[in-house]
Participant: 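I have a structure I would like to understand better, so I am pasting it below and will then ask my questions one at a time.
Convention: sequence-line order gives letters A, B, ...; per-chain numbering from 1. The analysis underlying the following values was restricted to heavy atoms, covering all of them including side chains, and did not include hydrogens, waters or symmetry mates.
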Amino acid sequence: MAKPKDSPPRHEAAASAPETRPGALRLSGGVFTLSVLTLESPDAQQLATRLQEERQRNPAAAALLKNAPVVLDLSAIPAEAPLALEEILAVLRGAQLLPVGLRNAAPEQQQLAGEYHLPILRGQERPAGPAAPASVVQQRGTLLIEHPIRSGQRVYARGGDLICLGVVNAGAEILADGHIHVYAPLRGRALAGVAGDETARIFCSALEAELVSIAGLYRMPERNLEQWGQASQIFTTNEQLHIAPLGGRHT
Amino acid sequence: MARIVVVTSGKGGVGKTTTSAAFASGLALRGHRTVVIDFDVGLRNLDLVLGCERRVVYDVVNVIHGEARLQQALIRDKHCENLYVLPTSQTRDKDALTQEGVAAIMEELKQDFDYIVCDSPAGIERGALMALYHADEAIVVTNPEVSSVRDSDRILGIIAARSRRAEAGQEPVKEHLLLTRYAPKRVQGGEMLSIDDVQELLRIPLLGVIPESESVLQASNQGIPAIHMKGTDVAAAYEDVVARFLGEDRPLRFTQPEKTGFFKRLFGG
């Protein structure tokens, strides 16, 4: 009943190895393979019985899954069914499985997951789910934003580049899997190559950013920076982040 | 069809209620039937600024809960006949405002009035969201200092994402910047952001500049909207704001430091 399956890419935040610069934090993407366990009933006791049966039927497979991280798929559980998540998690841990997240969870179940600090992994779309507010997300290709991006707003160009024609103000955050172009002052946080693309770059017509990051390498520009307020590009070579003039020093 | 105008800022103490009272009075003085609604449930102030605090019987929360009819809660302003006030409750909290209740009140007021002015509470929580949700236009009140500008930026983002117009995919809410408590001398001395600095950050059209003045405090203590303080620069500045809002072209005033006369310099002022 537990079948190994390719998982969606997950973004992992982790403190870096000790030999990097002190205080540096590396944020990078990673792809992991996780087993998915499709829950057939919201009842924890029934799950315990089924796991026991499975173990007796195929002890070799059960040994292989010892201490394996599993994702719980809730697609077979109706949204309104009372889900004894705490007991279910206990049963899984008792069977030496490590639940790491949920998928295909209804909004109510997602809320419950939040209480147990369980992430919701991709595949959570169910009919009648509430739309994500105040953030712009698109599937692929280039995302073009013509209006100013203001404090508290977050824009993510998933799978492509982001072009901003208006100002990106302090307190705003823009992200792209590809390049970021800002044809106005960049004052907020800009993160390019968030899925791990180290060849991504950030271009802006005036660099006043709170933070710039490419594929997890980041820097917080200060006012005394030579490029402050200037047209700049930000890129990486050999795990080093560079901030350079855009189109020569005297443009 | 009535226009709904929200007076908002994110930050507190920047002059939202003063502006709501003066702006609504200004519209009424020009013959437009206007109602001003206090959305600051629990911190009722608009009635004080308009000098009608002793006439509050029912409030907006009573109307939402069906305990009073809208007509019973509306108070006619004593300074101008075209202005009505819908006060808020001092004893309840922001959760007393329901989406449906506010929508029903807006629908009813739209039948009777030309302008509905919504005085927003500070913050970005329920009360502020309720106040801005129905807006057709927004006056963003900002002081010339960085924290106020950042909060205004935040509220502009919320207006662009969470208003009824944004949700329905209609033409966006029309945004206006109103700079208040502007002290030209302190701008010159570099202590305050200039008009250009603020516009460079917020990038929305400037509706007006209200100079820092003691007459604002006097006006609110007396319960008289600042626009009625004849002969003061604040009243003149608010008149300009209303005129510009209605489409007139008026040059900016009170944005340069006053020239000190010879005698004033000699004997002190």
Participant: Look at atom CZ of B/Arg203 and say whether more than 12 heavy atoms of other residues, nucleotides or ligands are closer to it than 6.0 Å.
Facilitator: yes
Participant: Report which part of B/Leu202 has an atom under 4.5 Å of a heavy atom belonging to chain A: side chain, backbone, both, or neither.
Facilitator: both
Participant: Does B/Glu171, at its CD atom, have more than 12 non-hydrogen atoms belonging to other residues, nucleotides or ligands within less than 6.0 Å?
Facilitator: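 Counting neighbours around CD of B/Glu171, 12 or fewer heavy atoms of other residues, nucleotides or ligands fall under 6.0 Å, so no.
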Participant: Please check this pair: side chain of B/Arg150 against backbone of A/Asn169, looking for a donor-acceptor N/O pair closer than 3.5 Å.
Facilitator: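 Not confirmed, B/Arg150 side chain does not pair with A/Asn169 backbone.
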Participant: Take atom CG in B/Asp249; do more than 12 heavy atoms of anything else shown fall under 6.0 Å from it?
Facilitator: no
Participant: Let me know if B/Glu167 has heavy atoms under 4.5 Å from chain A in its side chain, its backbone, both or neither.
Facilitator: neither
Participant: Looking at A/Gly171, A/Ala170, A/Gly166, which has the largest count of heavy-atom pairs under 4.5 Å with chain B?
Facilitator: A/Ala170
Participant: Nearest 0.5 Å, please: how far is CD in A/Gln153 from CG in B/Leu156?
Facilitator: 9.0 Å
Participant: Please classify the contact between B/Leu201 and chain A as side chain, backbone, both or neither, with a heavy-atom cut-off of under 4.5 Å.
Facilitator: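 Both backbone and side chain.
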Participant: Measure the shortest side-chain to side-chain distance between A/His147 and B/Pro172 over non-hydrogen atoms and say whether it is less than 4.5 angstrom.
Facilitator: no
Participant: Assess whether atom NZ of B/Lys110 is packed by more than 12 heavy atoms of other residues, nucleotides or ligands within 6.0 Å.
Facilitator: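 Yes, enclosed.
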Participant: For the atom pair CD1 (B/Ile155) and CZ (A/Arg150), what is the distance rounded to the nearest 0.5 Å?
Facilitator: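 Here the rounded value is 11.5 Å.
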Participant: Using a 6.0 Å cut-off, check whether atom CZ of B/Arg126 has over 12 heavy atoms from anything other than its own residue.
Facilitator: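 Counting neighbours around CZ of B/Arg126, more than 12 heavy atoms of other residues, nucleotides or ligands fall under 6.0 Å, so yes.
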Participant: Which heavy atom in A/Ser151 sits nearest to a heavy atom in B/Arg154, and how many Å separate them?
Facilitator: O-CD, 3.2 Å
